[in-house]
Protein chains: 2
Amino acid sequence: MTSRQNMLRVAELAQVSIATVSRVINSPDKVSPETRQRVLGVMQQLNYTYNVLAGSLTRQRSMTLGLIVPTITNPIFAESTRGVQERAARQGYTLLIGNSDYQADEEARLVRTFRQHRVDGMIVTSSHPDSPALLEAQRAGVPVVLTYSSRLRSPLPSVGVDNQAAAAEAVGYLIRLGHTRIAMLAGTFQSSDRSYARYLGYNAALAAHGLPRDPALLLEVPYAPEAGANGLLRLLDQPGPPTALFCSNDILAFGALRAALDRGLSIPGDLSIIGFDDSPMAALTNPRLTTVAQPAYAMGERACDMVLALVAGTPPETTALVLPTSLQMRETTGAPPPHVAATHQLT
Amino acid sequence: MTSRQNMLRVAELAQVSIATVSRVINSPDKVSPETRQRVLGVMQQLNYTYNVLAGSLTRQRSMTLGLIVPTITNPIFAESTRGVQERAARQGYTLLIGNSDYQADEEARLVRTFRQHRVDGMIVTSSHPDSPALLEAQRAGVPVVLTYSSRLRSPLPSVGVDNQAAAAEAVGYLIRLGHTRIAMLAGTFQSSDRSYARYLGYNAALAAHGLPRDPALLLEVPYAPEAGANGLLRLLDQPGPPTALFCSNDILAFGALRAALDRGLSIPGDLSIIGFDDSPMAALTNPRLTTVAQPAYAMGERACDMVLALVAGTPPETTALVLPTSLQMRETTGAPPPHVAATHQLT
DNA sequence: CTGAAAGCGCTAACAC
DNA sequence: GTGTTAGCGCTTTCAG
């Protein structure tokens, strides 16, 4: 065939060179108004669709960014995804998305795939922030920014929150309400350093108030409502049950709340519950969930801005952005039941 | 420089031609075990990363699929997205994702962008199923499959549910429970034909039972909890308030439930509520939400299988797949309050 | 302001 | 089995 190259066809019909067509697309002002109009017209009538792939190949820039989250199914990640997307689109970038399911190997696989697709940068909520795949990508020149965790001394830039401090604040609140037996339902540490950081905060708060740390009060579970429900039940069914529960995310809290209600407990009369994330549903449950709010959407935006800056070669001012969290005191928290407090005093 | 082409570098070091390198990647068995190992070794030591972009250019296949949903923020779409992703990944495909925000023009923009990125096919939960952009993509040879709606006579293939029948079933249930004043909170018709189909089902159910259709009982609102809450309040604050509410999605129902509870209504004692989607939270609210379940994950899987079949040139058996829905009768529905029933009898 | 030409990294015949 | 050689569609100096 004569010419399959789309741009060439446009060029021929418009009586200009292919270079000119390229120019009206990439730098319109470098072309005289007349020719530009003519070319534009032909593109229209030919229904020409620019081939980003070809452009990316020569230009060494794919105009795509890779986004990896544990699971888009968790509203908090859906939220930050929107943030990333909004900023990316604004800059002409398109997103490749993948779910790691909190699995380090799946995360690594995604990183590899994205690199093959030559993403210009990636934003990842990692299950394993020191993953070789991530470091290697960065070493290979693909900017990577971590989200949701603040690893100040990580080799990878990040935009997150201070999980430990936020958790400590939540637990501190419980303590101030009078609770002394506070349990924690934590997402599996191994698959999320955030969960572990929150656990550290929980511990810190207990320690700060001179409260003993009871191993029986900590349960590491997968991030699922059922796990939250079963977890709470197990916690409750042991001697010296807790009067308050801190969950490392809202999903767990929702499950726990449901289980508590099913068991006929009054919330927060019999049990206080605090979640983490402040996902949209937190303000809608009955009773409304007290939880730690994270600026998810903003986190996505900032992370996107950061990779884009890195891509552009503009070193961002900070390489470790820590966004503020805020405890949303709602209806699932209150003073511990009087008899329990009394019991506790006796021991 | 001598040779920037990655494959060439591998080829040189491995003492083979670039074609052979390509072969060990795409059809390993066409290469002798020894050379293959040698090449593999070099790739390893060079840390070679295959360039999908370049491959796509020659092969005319990008190994990417475009996915467009109204908003990934709605759990039901997050769910189907996972389904799509799972199937896509299994076939070596990567996903480009975009949110249309129920906006036809944004959807069109995404379609254009995806086409420029040469996606091999797209799956879209459209806000405007007959959108020229969609039809044009299909005409241009890019398979498009619609999700969530069943448009049997649409020119575009789809995998969805029978929204109208599902809605009719839900409303029919309410009627059988004894309700006669049933309101509907519907997502804006203009931005979702699914919402309209559900409205049609609502109407059909009323008609089938000889119930009058009261325009004052229908409210078209945006898909947001606040809209659900305010909507219900408006519905309630008019003469002859409804005793039951059918919402065109769970988000609206969650908002309405919250507002009803805040107003001190007993649910379902004073008001019955039914949602649509059966998003994960529906079974966790207090009381649990009665809602119409859609097989979101499966829908995503099937849609992905369908585009992939289309991409491969294998005409799928059906071009309009309708998946079953099922009414999940939980705790937000019950008989109407006795006095209202009495009142109604008087009129 | 516009054109010619050398790639970008890989694939796919077609030979050997 | 393995190598040669045209491209795939676009960008980008470098001239003019």
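Not measured: the values here are computed from a predicted model. Sequence lines set the chain letters: A, B, ... in the order given, protein chains first and strands last, and positions in each chain run from 1. All values below come from the heavy atoms of this structure, side chains included, with hydrogens, waters and symmetry mates left out.
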ask   = Which letter, B, S or -, goes with each nucleotide of nucleotides 1-6 of chain C from 5' to 3', with contact meaning a protein heavy atom under 4.0 Å?
value = SBBB--
Distance check needed: [N] [atom2] versus [X] [atom1], whole Å only.
X: A:Asn51; N: D:dC8; atom1: CG; atom2: C1'; answer: 8 Å
X: B:Met7; N: D:dT2; atom1: CE; atom2: P; answer: 15 Å
X: B:Asn26; N: C:dA13; atom1: CG; atom2: P; answer: 13 Å
X: A:Arg61; N: C:dG9; atom1: CZ; atom2: P; answer: 16 Å
X: B:Leu46; N: C:dG9; atom1: CG; atom2: P; answer: 13 Å
X: B:Leu57; N: D:dC10; atom1: CG; atom2: P; answer: 9 Å
X: B:Leu53; N: D:dG7; atom1: CG; atom2: P; answer: 22 Å
X: A:Leu8; N: D:dT11; atom1: CG; atom2: C1'; answer: 14 Å

Ignoring backbone atoms, establish whether [X] has a side-chain N or O less than 4.0 Å from OP1 or OP2 of [N].
X: A:Asn6; N: D:dC10; result: no
X: B:Thr58; N: D:dG7; result: no
X: A:Gln60; N: D:dT11; result: no

inquiry  = Could you check whether A:Glu106 pairs with A:Arg109 (Lys NZ or Arg NE/NH1/NH2 to Asp/Glu carboxylate O, under 4.0 Å)?
reply    =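 Yes, A:Glu106 and A:Arg109 are salt-bridged.
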ask   = Charged N to carboxylate O under 4.0 angstrom, A:Arg90 versus A:Glu86?
value =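 Yes.
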Donor-acceptor pairs under 3.5 Å, side chain of residues 294-312 of chain A to any protein atom, not counting sequence neighbours: which ones?
from: A:Gln294; atom 1: NE2; to: A:Asp277; atom 2: OD1; distance (Å): 2.8
from: A:Asp305; atom 1: OD1; to: A:Arg87; atom 2: NE; distance (Å): 3.0
from: A:Asp305; atom 1: OD1; to: A:Arg87; atom 2: NH2; distance (Å): 3.4
from: A:Asp305; atom 1: OD2; to: A:Arg87; atom 2: NE; distance (Å): 3.4
from: A:Asp305; atom 1: OD2; to: A:Arg87; atom 2: NH2; distance (Å): 3.3

request  = Measure the CD1-CG distance between A:Ile97 and A:Leu65 for me, rounded to the nearest 0.5 Å.
outcome  =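 The distance works out to 10.5 Å.
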query = Can you tell me how far OG1 of A:Thr125 sits from CZ of A:Phe77, rounded to the nearest 0.5 angstrom?
reply = 5.0 Å
query = So do A:Thr71 and A:Tyr223 actually touch side chain to side chain, heavy atoms under 4.5 Å?
reply = no
task = Answer yes or no: does atom CD of A:Glu317 have more than 12 heavy-atom neighbours from other residues, nucleotides or ligands under 6.0 Å?
result = no
request  = Please determine, for the side chain of B:Tyr50, which listed nucleotide (C:dT11, D:dC10, D:dT11) has the closest atom?
outcome  =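 Of the candidates, C:dT11 comes closest.
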